[in-house]
J.: 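One structure is given below, represented as C-alpha cells, and several questions about it will come after.
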Amino acid sequence: MPLIAALSIAALASTPPPPPPIVIPAPVDKSPLPLLESADGWPALLSWDIADARCSDGALDTAGVKAVLRAMSNRPIRTAAQIIYRFDIAPDGRPISIESEGSPGMLGQDVPASLAASRFPVGQARTRCTIRYRIGAQAIRTAAIEDLLAYTMTPISGRLPKEGWARIRDIGTCAEPPRPRPLLRAFPDFSKIPATPGRKDWSFVLYDTDAKGRPVNLKTFAASGNRELDAAARDAVARSRFTGGVRTQCLYPYWRAPETVSSPPIPDAGAFRPQGATCGDDRAWDRKPALIYPAAYRRRAVEGWAVLTYDIAPWGEIGNVKVAAAQPAADFGTQAQRMLLSARAAASPQGWTGCVERVRFQMGTAQDDGDKPDSDDAT
C-alpha cells in the first residue's frame, strides 16, 4: 500500500489539498563500489579501524571509543573503503545524534552501536564530530588466533568456519583423541565481577592437564580486558577437573554480559504535536506494532528512543510516518518507523492527523553470563 503510506489524511477532507511541490531528484551515482579484497584469501574477518576523528573545535581523542566487533565474509564484497559517522557529544560524555554518511551494510551493523556504547570526557560537550572508519579484511587462515577466539565470543555473521577452529585446535594436544571431558566444571561468581557498559567481556584461559586431569600452568591467553573476569576465569579452571591424561595448551572461555547503557531522557510528546492535530493520546490497535529491538544495540545492551509523527486513515492504515527525533542514534528512529508501519489502528469515522508516538527501546534484567563458545571445538 505505498499510495496510502504516502497519502496525508488531509487529502480526505472536502477541500482538495494543494498540489505537491515538484521534486527534482539528485543524480544518483551508479558506479559500482570497489571490491574489498583480502590479500590472503577468503573467508576473512572484516575490521573497522579508526582512521581519523575530529570535532568542530579540533581533534578528538578516541581512547574511550569501543572497538567494533569483527564480521566475517566468505567471499569478496563490494563496499566503500571507508565510512564516516557524524555525532555530537553531550556534557555527560555520551555520543548523541549518531548517523552515518553512507551505509555500513549488514556486516557493519556494529559500527554505530559501538559508538553509542562509547564515552568521552565528562563536561566537554562538543558538536559536529566525525569518526572515519577504514574497512579491511584479513583471511581466517592467517589471522591471529586471538582474533579468531574474539570472533567466536560474538559471531555476528555466522559461526567460525572449520579452518578457523582447526587453527585453534592445533595450538596444543587437547583436541587429540581421547579428548579430555569435564568431571567437574567450576564457574566464577559473575555477580561479583563488574560488567563493562556496552561491551561483552570474555576471557580464554590456556592450561595443561596432568595425568590425573588437574589443570596446571594456567594463564590468560586472550581476553577483552576485564581483569576481574580474567582472575575469576583462571580460578574457575583451576578448580575444574577432567578425565585423566596429560594434555597441553587447552583453552576454555568465560564471559560476562554487558552492563546496560541507558538512553538520554526522552522528551514529552507534546513538544512534537503539530498545530491543528486531531489525534489524541489514546489509540486502539487492530494490529499492534511489532516490537523488535535493533539487534546490534541489544547485543551491546544500549537503550534508545524515538519520537514519531504520523496520520491514521479512517480505515486504520498508518501513513505519513516521520521520525521527529531519535537518540542516541538514528537507527532507533529507523527501527521505530518500521515497527509503526507494521501496525494498523482501529477504524474511525474521520481518521486522525498529527499523531505522536514515543517508542522506548529498553533492555530487560536477564543476564547472559556463560562459559560456552559458538562451538564445542573450543577446547
Side-chain angles (χ1 to χ4, degrees), residues 33-49 67-79 81 104-111 114 133-182 199-209 215 217-225 233 237 242-243 245-255 295-296 299 368 370-379:
L33 291 169
L35 197 65
L36 180 64
E37 296 285 1
S38 170
D40 300 317
W42 300 85
L45 294 178
L46 308 185
S47 62
W48 287 263
D49 302 313
V68 179
L69 295 174
R70 292 192 173 206
M72 185 184 65
S73 178
N74 289 315
R75 60 183 65 87
I77 57 173
R78 293 198 176 276
T79 183
M106 285 300 295
L107 294 176
Q109 60 181 291
D110 186 58
V111 181
S114 67
Y133 291 90
R134 184 187 301 112
I135 304 173
Q138 186 177 19
I140 282 176
R141 65 185 180 85
T142 58
I145 298 296
E146 291 84 351
D147 290 338
L148 299 179
L149 292 171
Y151 180 80
T152 68
M153 287 290 93
T154 317
I156 63 176
S157 46
R159 292 172 61 147
L160 186 69
K162 291 181 178 179
E163 51 263 55
W165 282 113
R167 291 193 58 213
I168 293 172
R169 289 195 304 268
D170 286 348
I171 68 173
T173 64
C174 215
E176 296 178 0
R179 292 181 58 182
R181 296 298 177 184
R199 187 190 72 188
K200 178 181 182 179
D201 283 318
W202 48 269
S203 182
F204 275 88
V205 179
L206 186 72
Y207 62 98
D208 303 331
T209 59
N217 305 324
L218 292 83
K219 69 175 183 178
T220 300
F221 180 76
S224 61
V237 171
F242 302 87
T243 51
V246 174
R247 293 289 185 271
T248 63
Q249 308 286 281
C250 301
L251 283 169
Y252 202 79
Y254 295 91
W255 70 72
R299 190 180 297 121
D368 183 28
D371 70 321
K372 290 184 179 179
D374 76 339
S375 169
D376 290 338
D377 289 339
T379 54

J.: Between atom CG of Asp208 and atom CG of Asn217, what is the distance when rounded to the nearest 0.5 Å?
T.: 4.5 Å
J.: Measure from the side-chain N and O atoms of Thr173 to the backbone N and O of Thr248, and report whether any donor-acceptor pair falls under 3.5 Å.
T.: yes
J.: Using a 4.5 Å cut-off on heavy atoms from C-beta on, say whether the side chain of Trp202 contacts that of Thr154.
T.: no
J.: To the closest 0.5 Å, what do you measure between CG (Leu251) and CG (Leu149)?
T.: 6.0 Å
J.: Could you grab the distance from atom CZ of Arg70 to atom CE of Met72, nearest 0.5 Å is fine?
T.: 13.0 Å
J.: With a 4.5 Å limit on heavy-atom distance, are the side chains of Leu148 and Ile140 in contact?
T.: yes
J.: Could you tell me which non-hydrogen atom of Ala222 sits nearest to which non-hydrogen atom of Glu146, and how far apart they are?
T.: CB-CG, 3.9 Å
J.: Taking all non-hydrogen atoms of both residues, which atom of Ser224 and which atom of Arg199 are closest, and how far apart?
T.: O-NH1, 3.3 Å
J.: Would you check if Val237 and Phe204 make a side-chain contact, meaning some heavy-atom pair closer than 4.5 Å?
T.: no
J.: Does the side chain of Gln109 come within less than 4.5 Å of Arg299's, by heavy atoms?
T.: yes
J.: Does Asp110 use its side chain to pair, donor to acceptor, with the backbone of Leu69 at less than 3.5 Å?
T.: yes
J.: For Ala139 and Asp40, which heavy atoms make the closest approach, and how far apart are they?
T.: CB-CB, 3.5 Å
J.: Around atom CZ of Arg75, are there more than 12 heavy atoms of other residues, nucleotides or ligands at under 6.0 Å?
T.: no
J.: Within this structure, what is the CZ-CZ distance for the pair Arg247 and Arg179, rounded to the nearest 0.5 Å?
T.: 10.5 Å
J.: Would you name the heavy atoms of Trp42 and Leu46 that are closest together and state the gap between them?
T.: CZ3-CD2, 4.3 Å
J.: Please name the pair of heavy atoms, one in Arg167 and one in Ile171, separated by the smallest distance, quoted to 0.1 Å.
T.: O-CG2, 3.7 Å
J.: When rounded to the nearest 0.5 angstrom, what distance separates CG in Asp170 from CD in Gln249?
T.: 12.0 Å
J.: Nearest 0.5 Å, what's the CD-CD1 distance between Glu163 and Ile168?
T.: 11.5 Å
J.: Could you tell me which non-hydrogen atom of Ser114 sits nearest to which non-hydrogen atom of Val68, and how far apart they are?
T.: OG-CG2, 3.5 Å
J.: Would you say that Ser157 contacts Ser73 through its side chain, given a criterion of any heavy-atom pair below 4.5 Å between the two side chains?
T.: no
J.: Determine, using ring centers only, whether Phe242 and Tyr207 are less than 6.0 Å apart.
T.: yes
